[in-house]
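Bear in mind that the values here come from a model prediction, so they are computed numbers and not experimental data.
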Amino acid sequence: MSEGPVLSLRDLHRTYRSGDRLLHVLDGAELDLSAGEIVGLVGPSGSGKSSLLHAAGLLEKPTSGRVLVEGRDCTDLSDAQRTRVRLSAIGFVYQAHHLSPEFTAVENVMLPQLMAGRTPVQARERASALLSDLGLAERLDHQPAQLSGGEQQRVAVARSLANRPRILLADEPTGNLDPETSTSVFDSLRAMVRGQGTAALIATHNLELAGRMDRVLTLRQGRIVAA
C-alpha cells in the first residue's frame, strides 16, 4: 500500500465557454484518495461530477490545477503519456456500460489487457477469473446483447479492474439499473475493489449507496466539501 494518496487533486478549475458566457464548473476542487478506500461523490446534476472524474482520470485537462497519480504530477503529460498512465493505473466504469457489441464478455475484459501488453492466454485467464468471481462463469462467451443490464454492468466492472488499477473512477455506475440490480452490482463492485486494494471514487445520485461507502464528498459550487 502506498504511504501517500494514490490520487490527489489540487486547486482544480474547469471552465467551459457557452456562447458569450464562461461556465466555471470546477472552482478550486481538491481531494485525496487513499489505497483501499471507497469514496462517494454526490452533488446535483450539473455540479461538475463528470468533469471532475474526467480530469482525475486524465481524459480531459483541467483549465488549471494539478492531478497527481501515485505522487506523480500528470497534469502536463503528453497525450501518449496520459494514455499509458490510464492503462496502467486507472480503471473506469460509466452509467452506460460501453461494451463492444461484437465481442463476447470475456473478449471485452481481455481488450484492455491486450492493449497493456499481456498475451492472449494471460488476458483470457484473468478475464475468465474476474467474470467468474462476479457470477458470470456461464456467460463468458455471450455477447452484450445476450446479457441483462446487470450482467452487462458486471462485465464493465470486470473490464475496469482487468489491469489491476490503483484507482477506479465510476460515474453513476448503477444509474441505469433497477434498485435490486443496482444494489447487487454495487456489492459486486465493492467486493472486487476491496479484494484488489483499489482506491475508488464513485459519483452517484443514490444516497443509500453513497452511505455504504467509507466516506462521502459533496461537490458544491465547484468545490468539494464533506457530506
Side-chain angles (χ1 to χ4, degrees), residues 1-18 21-77 82 85-86 89-96 157 160-161 165-175 182 185-186 189-190 192-194 196-227:
M1 182 178 294
S2 173
E3 293 183 0
V6 293
L7 174 68
S8 295
L9 306 182
R10 291 288 175 265
D11 195 26
L12 220 60
H13 291 254
R14 188 68 170 98
T15 301
Y16 298 93
R17 181 172 292 279
S18 177
R21 298 175 56 226
L22 289 178
L23 302 177
H24 301 284
V25 178
L26 300 177
D27 188 22
E30 298 198 344
L31 67 77
D32 287 318
L33 194 63
S34 299
E37 71 169 342
I38 302 174
V39 176
L41 179 65
V42 301
S45 295
S47 62
K49 297 189 298 297
S50 293
S51 292
L52 186 140
L53 290 176
H54 288 168
L58 309 181
L59 293 170
E60 294 180 1
K61 287 190 177 183
T63 304
S64 63
R66 295 186 299 144
V67 179
L68 292 89
V69 176
E70 296 188 280
R72 178 187 183 186
D73 191 341
C74 297
T75 314
D76 296 319
L77 295 181
R82 292 158 74 88
V85 174
R86 285 197 301 269
I90 304 172
F92 300 89
V93 183
Y94 298 99
Q95 182 171 346
V157 169
S160 73
L161 296 172
R166 298 281 286 153
I167 301 161
L168 177 74
L169 302 173
D171 195 356
E172 298 288 349
T174 64
S182 173
V185 168
F186 174 76
L189 185 153
R190 184 173 61 177
M192 296 294 288
V193 165
R194 292 275 195 232
Q196 293 191 184
T198 303
L201 180 63
I202 302 175
T204 182
H205 282 105
N206 188 325
L207 296 183
E208 181 181 349
L209 288 186
R212 298 172 60 199
M213 301 184 203
D214 297 327
R215 58 190 173 106
V216 181
L217 302 174
T218 300
L219 191 54
R220 183 179 300 136
Q221 296 182 330
R223 292 175 175 266
I224 291 177
V225 297

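Annotation: side chain to side chain contact (heavy atoms under 4.5 Å, CB included) contacts of Gln221 (sequence neighbours excluded): none. Taking Phe92 as the reference, nothing meets the ring pair (Phe, Tyr, Trp, His ring centres under 6.0 Å) condition, with sequence neighbours excluded. In this structure Ala55 satisfies the side chain to side chain contact (heavy atoms under 4.5 Å, CB included) test together with Leu12, sequence neighbours excluded. Partners of Thr15 by side chain to side chain contact (heavy atoms under 4.5 Å, CB included), not counting sequence neighbours, listed by chain and number: Leu22, His24, Thr63. Remark: Asp11 engages no residue in a salt bridge (Lys or Arg N to Asp or Glu O under 4.0 Å) (not counting sequence neighbours). For Ala56, the side chain to side chain contact (heavy atoms under 4.5 Å, CB included) partners are Leu7, Leu9, Leu169, not counting sequence neighbours.
Here the CZ atom belonging to Arg166 is positioned 11.0 Å from the CD atom belonging to Gln196, to the nearest 0.5 angstrom. With values rounded to the nearest 0.5 angstrom, Leu189 atom CG is found 10.5 Å from Arg194 atom CZ. Rounded to the nearest 0.5 Å, atoms OG (Ser47) and CZ (Arg223) are 15.0 Å apart. From Ser160, atom OG reaches atom CD1 of Ile90 across 12.0 Å, with rounding to the nearest 0.5 Å.
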Set out, in order, the CA-CA distance, both residues' side-chain angles and the distance that settles side-chain contact (heavy atoms from CB on, under 4.5 Å) for Leu31 and Leu52, then state yes or no. CA-CA 10 Å; Leu31 67 77; Leu52 186 140; 4.2 Å; yes
TODO: Carefully, step by step, assess Val85 and Arg72 under the rule side-chain contact (heavy atoms from CB on, under 4.5 Å).
DONE: CA-CA 10 Å; Val85 174; Arg72 178 187 183 186; 3.6 Å; yes
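A cation-pi geometry, defined here as NZ or CZ lying under 6.0 Å from the six-membered ring centre and within 45° of its normal, does not hold between Arg190 and Phe186.
Of all heavy-atom pairs between Ala199 and Ser34, the closest is CB-O, 3.1 Å. Here the closest heavy-atom approach between residue Gly48 and residue Leu26 is recorded as O-CD2, 3.8 Å. Contact record, Ala203 with Pro173: O-CD, 3.7 Å, taken as the closest heavy-atom pair. What you find for Met213 and Ile38 is that their closest heavy atoms are CB-O, 3.5 Å. When all heavy atoms of Leu168 and Thr198 are compared, the pair lying nearest together is N-CG2, 3.6 Å. The two residues Val25 and Ser51 come nearest to each other via the heavy atoms CG1-OG, 3.9 Å.
In this structure, the side chain of Asp214 does not engage the main chain of Val39 through any donor-acceptor pair within 3.5 Å. Side chain of Arg82 to backbone of Leu58: a donor-acceptor contact under 3.5 angstrom is found. At distances below 3.5 Å, not a single donor-acceptor pair connects side-chain atoms of Lys49 with backbone N or O atoms of Leu219. A donor-acceptor pair under 3.5 Å is formed between the side chain of Glu172 and the backbone N or O of His205. Remark: side-chain polar atoms of Arg14 are not paired, donor with acceptor, to backbone N or O of Pro62 under 3.5 angstrom.
The local environment of CD in Glu208 is sparse, with at most 12 non-hydrogen atoms from other residues, nucleotides or ligands closer than 6.0 Å. Residue Arg220 places its CZ atom among 12 or fewer non-hydrogen atoms of other residues, nucleotides or ligands, all under 6.0 Å distant.
Checking Asp32, Asp73, Thr75 one by one against Arg10, the side chain to side chain donor-acceptor pair (under 3.5 Å) holds for a single residue, Asp32.
Looking at Ile202 and Leu209, their side chains never come closer than 4.5 Å, going by heavy atoms from C-beta outward.
Using a 3.5 Å distance cut-off with no hydrogens or angles, the side chains of Asn206 and Thr204 do not pair a donor with an acceptor.
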